**Q** 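Please see the structure below; I have some questions.
For ligands, and for the atoms within them, numbers begin at 1 and follow the listed sequence. The figures here come from the full heavy-atom set of this structure, side chains too, leaving out hydrogens, waters and symmetry mates. On a predicted model such as this, the values are computed, not experimentally measured, just so you know.
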Amino acid sequence: MFASPRGRKQMGQLISLKCEKCGYEVNLGVGAGLTFNSLDTVLTLFDKPTQDKIKAAIEQYPRNFWYVSKEIGVCDKCGRISGVAVFKLNQENGQFIVYKAKCPCGAEVDIYDSEEVIEGKTKISCPPCGEPLEVTVNGHWD
Ligand SMILES: [Zn+2]
Ligand SMILES: [Zn+2]
């Protein structure tokens with residue numbers, strides 16, 4: 001199974017989010033790597049129940065375009081910011097089927113679009129102090 005991600009950059013970005021007020025800092029890998037076209041590879045980023053849902057969605061819509069990228073997940077429960085895999089499958093009606101991975105603590109996360117955060121359109125609040133975090137792109141991964 002191979003899905004061609006038309007128009008999407010097949011390169012992940014290494015970013016850091018920093019708080020100038022309290023010194024909080026986190027480094028993340030976001031975006032999509034070269035191997036993210038492979039279903040077997042991307043399935044490993046999700047837990048078993050989510051893997052089953054993804055497989056079912058692809059079986060239901062075998063001709064549809066899907067992709068996986070890592071976005072920025074913020075956990076309400078433990079306060080952690082992590083790179084969280086998000087699966088999207090394009091339906092005929094223009095809607096997406098979306099499944100996201102969980103925080104390492106097992107809780108659901110709020111997803112922030114990594115490109116919007118990098119462009120400064122969306123700000124993430126510092127978990128300890130609430131200040132908007134500054135984003136820096138440090139490099140790429142593939
Ligand atoms: Zn802070
Ligand atoms: Zn958590």
**Q** Everything protein-side that's N, O or S and under 2.8 Å from the Zn ion (ligand 2): list it, residue and atom.
**A**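 Only C75 SG, C78 SG, C103 SG, C105 SG fall inside 2.8 Å of the Zn ion (ligand 2).
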**Q** Determine the interplanar angle of the F87 and Y99 rings, folded into 0 to 90°, and report it as parallel if under 30°, tilted if 30 to 60°, perpendicular if over 60°.
**A**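 If you compare the ring of F87 with that of Y99, the planes turn out parallel.
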**Q** Establish whether F36 and L39 are linked, either directly or via other cluster members, by ILVMFWY side-chain heavy-atom contacts under 4.5 Å.
**A** yes
**Q** Count I, L, V, M, F, W, Y as connected when their side-chain heavy atoms are under 4.5 Å apart, and connections chain through other members. Are V26 and I72 then in the same cluster?
**A** yes
**Q** Can you measure from CD1 (I15) to CD1 (I118) and round to the nearest 0.5 angstrom?
**A**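 With rounding to 0.5 Å, CD1 (I15) is 5.0 Å from CD1 (I118).
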**Q** Looking at Q91, I want to see if its CD is surrounded by more than 12 non-hydrogen atoms of other residues, nucleotides or ligands under 6.0 Å.
**A**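 Yes, enclosed.
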**Q** How about the Zn ion (ligand 1), which protein N, O or S atoms come within less than 2.8 Å?
**A**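 Within the sphere that stays under 2.8 Å of the Zn ion (ligand 1), the protein atoms of type N, O or S are C19 SG, C22 SG, C126 SG, C129 SG.
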**Q** Donor-acceptor pairs under 3.5 angstrom involving side-chain atoms of residues 120-133: please list them, not counting sequence neighbours.
**A**
| residue | atom | partner | partner atom | Å |
| --- | --- | --- | --- | --- |
| K121 | NZ | E119 | OE1 | 2.9 |
| T122 | OG1 | E116 | OE1 | 3.0 |

**Q** Between V30 and L14, is there a shared hydrophobic cluster once you connect ILVMFWY residues whose side-chain heavy atoms come closer than 4.5 Å?
**A** no
**Q** Just how far is it from atom CD of Q60 to atom CG of L89, taken to the nearest 0.5 Å?
**A**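 Here the interatomic distance stands at 9.0 Å.
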**Q** Partners of A107 by side-chain contact (heavy atoms from CB on, under 4.5 Å), sequence neighbours excluded?
**A**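 So A107 forms a side-chain contact (heavy atoms from CB on, under 4.5 Å) with C75, K77, C105.
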